[in-house]
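FYI, side chains are in, hydrogens and waters are out, and symmetry mates aren't considered; it's all heavy atoms of this structure.
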Amino acid sequence: MCNLYSLNKGQDAIRRAFGITDDQTGNLPPLPGIFPNQMAPVVRQRGEGRELSMMRWGFPPPPKIGTQPVTNVRNVASPYWRPWLKPEYRCLVPVSAFSEYADTKPKKTPVWFALSDERPLFAFAGIWRPWTGIRGPKREEPVEEEHLLYSFLTTEANGVVGPVHPKAMPVLLTTEDEWSTWLEAPTEEALRLQRPLPDEMMKVVARGARKDEG
């Protein structure tokens, strides 16, 4: 599953692309390598506008499924995920490229995918939730805190991702119509977007590094 992505576009470009009316992120630097449990920007519908805010990547796992944060979701019929698929808990996760690991020896190789070599912005179909617990940087005396957490949907791999990672790929949303549908439409309609992006709409843009500097 995708556990690494990048967001290399400037803050103004992100605001313009996603029609942001309220930016809560402060001074947002380029993020060439975003890993699970890190903070990253997420777009939410807030009233008549869209808010860009920082959240931490990874939902708490379902009961009896270990302790690691759940970074992506495939089974949207599960009772654990259904409450967070309502419009008020859907979000867009801005992305310029994402990585899957090729099963090479002696170690796996990161392979980066984007819409083109120019890395135009797109979004993962995300969900978010509030949660109180211990997350984030390790501390000598950890304390429970209120967190905003996000994850995103996956689907079957297309012909570009499949040779590297045949099990799944993120749900990629590339147009304003898709972004609006995901943020605002009834759940059944929004979930029609859980499908692989057509092969001709994306490509491999880099290999070997754990950050995408493109």
Side-chain angles (χ1 to χ4, degrees), residues 1-8 11 14 18 20 22-46 50-101 107-108 110 123-155 165 167-171 182-183 187 190 194 209-212:
M1 303 297 176
C2 174
N3 280 322
L4 172 61
Y5 70 96
S6 67
L7 180 59
N8 288 338
Q11 197 163 359
I14 297 168
F18 292 99
I20 301 302
D22 182 13
D23 186 352
Q24 298 284 328
T25 61
N27 184 18
L28 184 65
L31 299 169
I34 301 169
F35 293 89
N37 214 26
Q38 291 183 349
M39 300 288 285
V42 167
V43 179
R44 295 186 286 178
Q45 189 73 30
R46 308 297 268 179
R50 291 180 182 172
E51 176 191 276
L52 186 68
S53 56
M54 300 298 285
M55 297 190 189
R56 193 171 297 281
W57 184 12
F59 265 44
K64 302 179 182 178
I65 309 293
T67 60
Q68 293 302 307
V70 180
T71 57
N72 42 63
V73 181
R74 181 76 175 268
N75 181 14
V76 294
S78 165
Y80 185 77
W81 298 112
R82 292 296 292 182
W84 312 112
L85 292 167
K86 299 174 183 178
E88 59 264 37
Y89 291 111
R90 285 187 230 131
C91 63
L92 302 170
V93 182
V95 185
S96 53
F98 71 94
S99 180
E100 300 285 6
Y101 284 82
K107 62 180 181 179
K108 295 184 177 183
F124 294 147
I127 55 177
W128 72 276
R129 63 166 292 180
W131 179 78
T132 299
I134 299 172
R135 286 286 296 275
K138 292 183 178 179
R139 302 175 181 172
E140 292 184 5
E141 297 181 9
V143 296
E144 289 195 349
E145 296 176 293
E146 176 83 5
H147 298 272
L148 297 181
L149 306 177
Y150 73 96
S151 186
F152 53 79
L153 272 60
T154 61
T155 186
H165 191 269
K167 291 183 179 180
M169 67 176 288
V171 173
W182 182 249
L183 289 177
T187 301
Q194 191 183 21
R210 297 184 75 204
K211 293 184 178 182
D212 181 46

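No donor-acceptor pair closer than 3.5 Å links the side chain of Glu100 to the backbone N or O of Leu4. In this structure, the side chain of Arg135 does not engage the main chain of His147 through any donor-acceptor pair within 3.5 Å.
Looking at heavy atoms from C-beta onward, Leu7 lies in side-chain contact with Pro41 at the 4.5 angstrom threshold. A 4.5 Å side-chain heavy-atom check between Phe124 and Leu153 finds every atom pair outside the cut-off. Side-chain contact between Trp81 and Ile127 is present, with at least one heavy-atom pair separated by less than 4.5 Å. Put simply, the side chain of Leu28 reaches to within 4.5 Å of the side chain of Met54, judged on heavy atoms. A heavy-atom distance below 4.5 Å is not found between the side chains of Leu52 and Val42.
With sequence neighbours excluded, no residue forms a salt bridge (charged side-chain N to carboxylate O under 4.0 Å, His left out) with Arg56.
Taken to the nearest 0.5 Å, the NE2 atom of His165 stands 10.5 Å off from the OG atom of Ser99. For the atom pair Gln194 CD and Leu85 CG, the distance stands at 8.5 Å (nearest 0.5 Å). One finds the CZ atom of Arg74 at 11.0 Å from the NZ atom of Lys167 (value rounded to the nearest 0.5 Å). Distance check, rounded to the nearest 0.5 Å: CG of Leu183 to CZ of Arg46 gives 11.5 Å.
In this structure, Ile14 and Ile20 approach most closely via the heavy-atom pair O-CG1, 4.1 Å. Of all heavy-atom pairs spanning Phe18 and Pro94, the tightest one is CE1-CB, 3.8 Å. Across Leu149 and Pro60, no two heavy atoms sit closer than the pair CD1-CD, 3.5 Å. Of all heavy-atom pairs spanning Asn3 and Pro36, the tightest one is O-CD, 3.1 Å. Smallest separation of non-hydrogen atoms from Pro32 and Asn8: CA-OD1, 3.2 Å. Across all their heavy atoms, Trp182 and Cys91 have their closest contact at NE1-O, 3.0 Å.
Checked by atom type, the side-chain pair Glu144/Thr132 shows no donor-acceptor distance below 3.5 Å. In summary, the side chains of Ser6 and Ser96 do present a donor paired with an acceptor at a separation below 3.5 Å, with no hydrogens or angles considered. A side-chain donor from one of Thr25 and Gln11 sits under 3.5 Å from a side-chain acceptor of the other. Asn72 and Thr154 share no side-chain donor-acceptor pair at under 3.5 Å.
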Practice item. List the steps, then state whether side-chain contact (heavy atoms from CB on, under 4.5 Å) holds for Val93 with Val43. Key: CA-CA 6 Å; Val93 182; Val43 179; over 6 Å; no

**Study point:** Steps toward side-chain contact (heavy atoms from CB on, under 4.5 Å) verdict (Leu148, Arg44)
**Key:** CA-CA 12 Å; Leu148 297 181; Arg44 295 186 286 178; 4.2 Å; yes

Practice item. For the pair Phe59 and Trp131, evaluate side-chain contact (heavy atoms from CB on, under 4.5 Å) and give the outcome as yes or no after the intermediate values. Key: CA-CA 9 Å; Phe59 265 44; Trp131 179 78; over 6 Å; no

Exercise for review: Before giving the answer on side-chain contact (heavy atoms from CB on, under 4.5 Å), spell out for Glu51 and Gln24 the whole-Å C-alpha distance, their side-chain angles and the decisive distance to 0.1 Å.
Suggested key: CA-CA 7 Å; Glu51 176 191 276; Gln24 298 284 328; 3.9 Å; yes

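When the options Tyr150, Trp84, Tyr89 are evaluated for a ring pair (Phe, Tyr, Trp, His ring centres under 6.0 Å) with Trp128, the one that passes is Tyr89.
Using the six-membered ring where Trp is involved, Trp57 and Tyr5 have ring planes that are perpendicular, over 60° apart on the 30 and 60° scheme.
Counting only residues at least two apart or in different chains, salt bridge (charged side-chain N to carboxylate O under 4.0 Å, His left out) contacts with residues 88-99 are absent.
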